[in-house]
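Every chain is numbered from 1, with letters handed out A, B, ... down the list of sequences.
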Amino acid sequence: MTPEQLRDVVRTAVSGAVARGTLAVEVPEDVVVERPKNRAHGDYATNIAMRLAKTAGIPPRAVAEALAEELRAQPSIAAVDVAGPGFLNITLAEGALGRIAVQAVSAGEDYGRTDALAGQRINLEFVSANPTGPVTLGSTRWAAVGDAIARLLEASGADVSREYYVNDAGAQIERFARSLQAAALGRPIPEDGYQGDYIEPVAQRVLADTPGLLDMPEQEQVAVFAEKGVAAMVADIRATLEGFGAHFDTFFSERSLHESGALEKALATLREQGHVFERDGAVWLRTTDFGDDKDRVLVKADGEPTYFAADCAYYLDKRRRGFDKVVILLGADHSGYVGRYKALVAAAGDDPATHLEIQIGQLVNLVRNGEPVRMSKRAGNFVLLTDLVEAVGIDAARYALARASVDQQIDIDAELWSRKTNDNPVFYVQYAHARISSVLRNAAELGLSLGEAGDVDVSQLGHERENDLLRAIGEFPRVLTAAAELRAPHRVARYLEELAGTYHRFYDSCRVLPRGDEVAGPQTTARLWVCAATATVLHNGLTVLGVHAPERM
RNA sequence: GCGCCCGUAGCUCAGUGGAUAGAGCAGGUGCCUUCUAAGCACUUGGUCGCAGGUUCGAUCCCUGCCGGGCGCGCCA
């Protein structure tokens with residue numbers, strides 16, 4: 001029996017007590033059934049009695065006693081204890097936990113998936129770094145976390161589109177183009193330009209692609225370097241992210257908004273809603289009406305639209321494309337953006353609480369030999385996604401980035417992340433999967449297989465370590481659901497570490513395969529199912545994080 | 001000054017109002033002739049930044065303070 005099934009049983013018990021007249025409450029929708037930390041507290045525990053006590057008008061322990069009475073009548077429940085202030089500690093009947101293994105294996109890659117977000121169309125924007133250079137270490141965190149969030153939302157049944165906003169308009173593109181031009185002409189890069197080593201090859205690519213470029217007038221040259229330089233950079237960024245396992249469905253060009261007239265349309269829409277005004281020769285959006293700190297300029301006094309104006313058009317475009325929810329993952333250096341973004345959504349007539357969600361993540365520090373290293377794209381002394389991957393590998397990089405809460409600043413230490421020790425939890429988790437794969441391979445060599453789900457004798461299971469493992473496997477769907485709701489993929493990683501440890505302890509004390517001249521029996525088969533179920537969860541969990549589940553190490 | 005994030009074991013960090021606050025690393029002691037020792041067992045280690053409040057119960061929610069990071073442009 002899974003925790004979800006037990007939750008229904010508890011709810012049934014409440015209705016039973018109500019029907020019997022021992023309890024006068026409404027049957028709650030959300031019943032919390034959790035895995036107690038202390039094993040002496042049974043397989044599962046619920047605080048339902050304490051939560052119902054107030055409305056029932058009787059002490060929590062009395063509510064608990066009434067519910068315990070109901071629950072004890074259930075054949076799948078072996079024992080119910082009322083403990084502490086009113087906890088119900090539930091011990092499942094022999095074999096009830098074992099069914100979890102069968103369910104997990106039978107569901108396979110679908111184990112853990114839910115339809116909690118079925119029917120939701122979500123646009124998830126992340127990374128969106130300026131196309132003036134390769135993907136940096138700072139963006140790498142969002143590539144790993146954003147992609148994991150996308151996979152989590154999909155595991156909850158949502159229809160997710162991954163999007164990268166290409167800021168291919170504005171002053172920094174001009175500086176980028178002039179840097180390319182200078183490199184092509186063999187001149188020093190302008191002081192306010194981009195100094196990185198990557199500039200030269202990009203400049204050469206543009207030159208090779210455009211015969212006679214250097215004979216064109218100055219302004220035309222810059223325009224070509226801008227257009228083709230950005231295209232080359234975006235292609236590079238896209239390839240890098242794909243190689244990292246982070247696929248984007250759309251690379252959306254900011255410039256296309258300017259060229260299609262979307263900005264004017266957005267301005268007109270905001271005007272219709274009555275939140276646009278003029279002051280000092282500029283056009284403003286009255287975002288303070290919706291909680292922003294100050295009003296924001298849409299069109300500057302010189303007639304040029306602001307970056308914010310493009311944001312308005314971009315948001316409206318996303319909504320026009322049919323997304324129910326626009327989710328944007330931003331670094332803490334953009335946290336000042338939240339207020340105006342919410343306000344623009346409200347000003348456009350939408351509800352920020354339902355249509356927009358901005359997730360702010362803290363920045364990363366690059367650490368070398370224990371010392372922080374400063375990164376600056378403009379100065380060219382930055383470390384790239386590709387550098388990190390080269391140093392530690394994709395799996396270690398993605399895992400290390402995804403296992404930390406986004407609310408936490410993290411230190412990226414390539415030396416630490418490349419260690420093949422327990423400083424690196426990714427190997428601990430992967431090792432568990434490889435170990436199980438090995439057991440299953442050996443089983444196959446002995447001619448042993450799982451057989452049919454209906455033939456497993458789950459009553460063969462009951463060792464404390466087996467029960468621990470089965471309970472952990474049973475948690476997986478709830479871990480995925482919670483992680484998706486909270487946009488917190490690190491919860492999946494932490495859970496996998498716990499699961500791997502639980503498996504290693506099971507492995508240590510529960511021999512799976514027959515040794516020497518022993519003969520395989522029903523317990524062997526039952527334990528093979530437990531192994532296969534664990535492998536299923538490790539695989540599914542690692543896949544959510546974009547990390548490989550190896551069969552050998 | 002205002003806004004957001006953080007402060008939990010020596011270090012790096014988990015912990016969506018529940019029972020005796022956890023993990024890894026670091027330190028110490030053991031366990032491989034048979035399923036992967038990248039493993040396991042035992043052990044040392046805490047005023048959950050401080051002070052109030054909310055309630056049956058607070059690391060978690062609220063208020064104030066202290067310390068650290070980021071942000072507060074007619075830049076992008």
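- Base contact: A:Y307 has a heavy atom under 4.0 Å from a base atom.
- Note on A:E551: a base of the nucleic acid sits closer than 4.0 angstrom, heavy atoms only.
- Under the stacking definition used here (centres under 5.5 Å, planes under 30°), the residue A:F87 qualifies as stacked on the base of B:A19.
- In this entry B:U63 has B:A51 as its Watson-Crick or G-U wobble partner, both defining distances falling under 3.5 Å.
- Salt-bridge formation is not detected for the pair A:K318/A:E163: no Lys NZ or Arg NE/NH1/NH2 atom is positioned less than 4.0 Å from an Asp or Glu carboxylate oxygen.
- Checked against B:G69, B:A38, B:C35, the side chain of A:S438 finds its nearest nucleotide in B:C35.
- Nucleotides B:U59 and B:A9 place their P atoms 15 Å apart, quoted to the nearest Å.
- Atom name P, nucleotides B:C2 and B:A14: the rounded distance is 28 Å, in whole Å.
- Using a 4.0 Å heavy-atom cutoff across all strands shown, A:S509 reaches no nucleic acid atom at all.
- For B:G46, there is no paired nucleotide, since no Watson-Crick or G-U wobble pair has both relevant distances below 3.5 Å.
- For B:C32, neither phosphate oxygen OP1 nor OP2 lies less than 4.0 angstrom from any side-chain nitrogen or oxygen of A:Y507.
- One finds no salt bridge joining A:E498 and A:R494 here, because no Lys/Arg side-chain nitrogen approaches an Asp/Glu carboxylate oxygen to under 4.0 Å.
- Classification of A:R478 and A:E475 as a salt-bridged pair holds, one side-chain N sitting under 4.0 Å from a carboxylate O.
- Looking at which nucleotide of RNA chain B each of A:A169 and A:K54 is closest to, the 5′-most match is held by A:K54.
- Between A:L257 and A:A310 the shortest heavy-atom distance is CD1-O, 3.6 Å.
- Under 4.0 angstrom from either OP1 or OP2 of B:A14 there lies at least one side-chain N or O belonging to A:Q408.
- A:R505 comes within 4.0 angstrom of the backbone, heavy atoms only, and of no base.
- Atom C1' of nucleotide B:G39 and atom CD of A:Q430 are separated by 15 Å, given to the nearest angstrom.
- Checked by distance alone, A:N89 brings a side-chain donor or acceptor within 3.5 Å of a matching partner on the base of B:A19.
- Mapped onto RNA chain B by nearest heavy atom, A:P550 and A:I360 fall at different nucleotides, with A:I360 at the one closer to the 5' end.
- Proximity of A:S335 to the phosphate of B:C4: no side-chain N or O atom is located under 4.0 Å from OP1 or OP2.
- The side chain of A:R435 lies closest to B:A37, out of B:C35, B:U16, B:A37.
- Closest contact between the side chain of A:H490 and the listed nucleotides B:C70, B:A14, B:U36 involves B:A14.
- Between A:E174 and A:R178 a salt bridge is recorded (basic side-chain N to carboxylate O distance below 4.0 Å).
- Across the P atoms, B:A58 and B:G52 are found 14 Å apart, a figure rounded to whole Å.
- Contacts of A:D411 with the nucleic acid, taken as non-hydrogen atoms under 4.0 Å apart, are absent.
- Residue A:R494 is in sugar-phosphate contact alone, with no base atom involved, counting any heavy-atom pair closer than 4.0 Å across all strands shown.
- Base engagement by A:N47 is indicated by at least one non-hydrogen atom pair under 4.0 Å involving a base atom.
- Rounded to an integer number of Å, the gap from CD of A:E278 to C1' of B:C74 is 13 Å.
- Within 4.0 Å of A:R403, counting heavy atoms only, lies no atom of the nucleic acid at all.
- In this structure, B:G30 and B:C40 make a Watson-Crick or G-U wobble pair, each of the two defining distances being under 3.5 angstrom.
- A:H41 comes within contact range of at least one nucleobase, with a heavy-atom separation under 4.0 Å.
- The phosphate of B:G3 has neither OP1 nor OP2 within less than 4.0 Å of any side-chain N or O from A:K294.
- A:D302 has its CG atom 12 Å from the C1' atom of B:C75, to the nearest Å.
- Distance from the side chain of A:R441 is smallest to B:U36 among B:U16, B:U36, B:G18.
- Note that CD1 of A:I436 is 11.0 Å distant from CD of A:E551, once rounded to the nearest 0.5 Å.
- The side chain of A:R491 lies closest to B:G15 when the candidates are B:G15, B:A38, B:G39.
- Only the P atoms considered, B:C65 is 41 Å distant from B:C25, to the nearest whole Å.
- Contact check, A:N442 against B:U36: a side-chain N or O comes under 4.0 Å of OP1 or OP2.
- Using a 4.0 Å heavy-atom criterion, one finds that A:G516 contacts the bases of the nucleic acid, with or without backbone contacts as well.
- Base pairing of B:C25: its partner is B:G10, meeting the Watson-Crick or G-U wobble criterion (both donor-acceptor distances under 3.5 Å).
- Nucleic acid contact for A:A432: none, since no nucleic acid atom lies under 4.0 Å from a heavy atom of the residue.
- What separates CG of A:L52 from C1' of B:C56 is a distance of 14 Å, to the nearest Å.
- For A:K37 and B:U20, the shortest distance from a side-chain N or O to OP1 or OP2 is not below 4.0 Å.
- One interatomic measurement links the two molecules: CD of A:E497 to P of B:C25, which rounds to 11 Å at whole-angstrom precision.
- Aromatic ring pairs are classed by plane angle as parallel below 30°, tilted from 30° to 60° and perpendicular above 60°; the pair A:Y337 and A:H334 is perpendicular.
- In a base pair of the Watson-Crick type (N1 to N3 plus N6-O4 or O6-N4) or a G-U wobble (N1-O2 and O6-N3), with each distance short of 3.5 Å, B:C56 is matched with B:G18.
- Both thresholds, 5.5 Å between centres and 30° between ring planes, are not jointly met by A:Y431 relative to the base of B:U36, so the two rings are not stacked.
- Aromatic pair A:Y431/A:Y428: centroids not less than 6.0 angstrom apart.
- Using N1 to N3 plus N6-O4 or O6-N4 for Watson-Crick, or N1-O2 and O6-N3 for G-U wobble, each under 3.5 Å, B:C2 pairs with B:G71.
- Taking atom P in both B:U44 and B:G7, the straight-line distance is 27 Å, to the nearest Å.
- In this structure, A:R511 does not pair ionically with A:E518, as no charged nitrogen and carboxylate oxygen lie closer than 4.0 Å.
- When both distances must be under 3.5 Å, the Watson-Crick or G-U wobble mate of B:C35 does not exist.
- Ranking B:A76, B:U36, B:G69 by closeness to the A:Q362 side chain, first place goes to B:G69.
- In this entry the base of B:C32 is syn relative to its sugar, with a glycosidic angle within 90° of 0.
- Taking atom P on both nucleotides, B:G15 is separated from B:A23 by 15 Å, rounded to a whole Å.
- Look at A:H334 and the base of B:G71; the rings do not stack under the cut-offs of 5.5 Å between centres and 30° between planes.
- Residue side chain A:D333 does not reach the base of B:G71 through any donor-acceptor N/O pair under 3.5 Å, judged by distance alone.
- Taking atom C1' on both nucleotides, B:G64 is separated from B:G45 by 33 Å, rounded to a whole Å.
- To the nearest angstrom, P of B:G73 lies 11 Å from CG of A:D292.
- Using C1' as the reference atom, B:C5 and B:U47 are 25 Å apart when rounded to the nearest Å.
- Using a 30° and 60° split on the angle between ring planes, A:Y314 and A:Y165 fall in the parallel class, below 30°.
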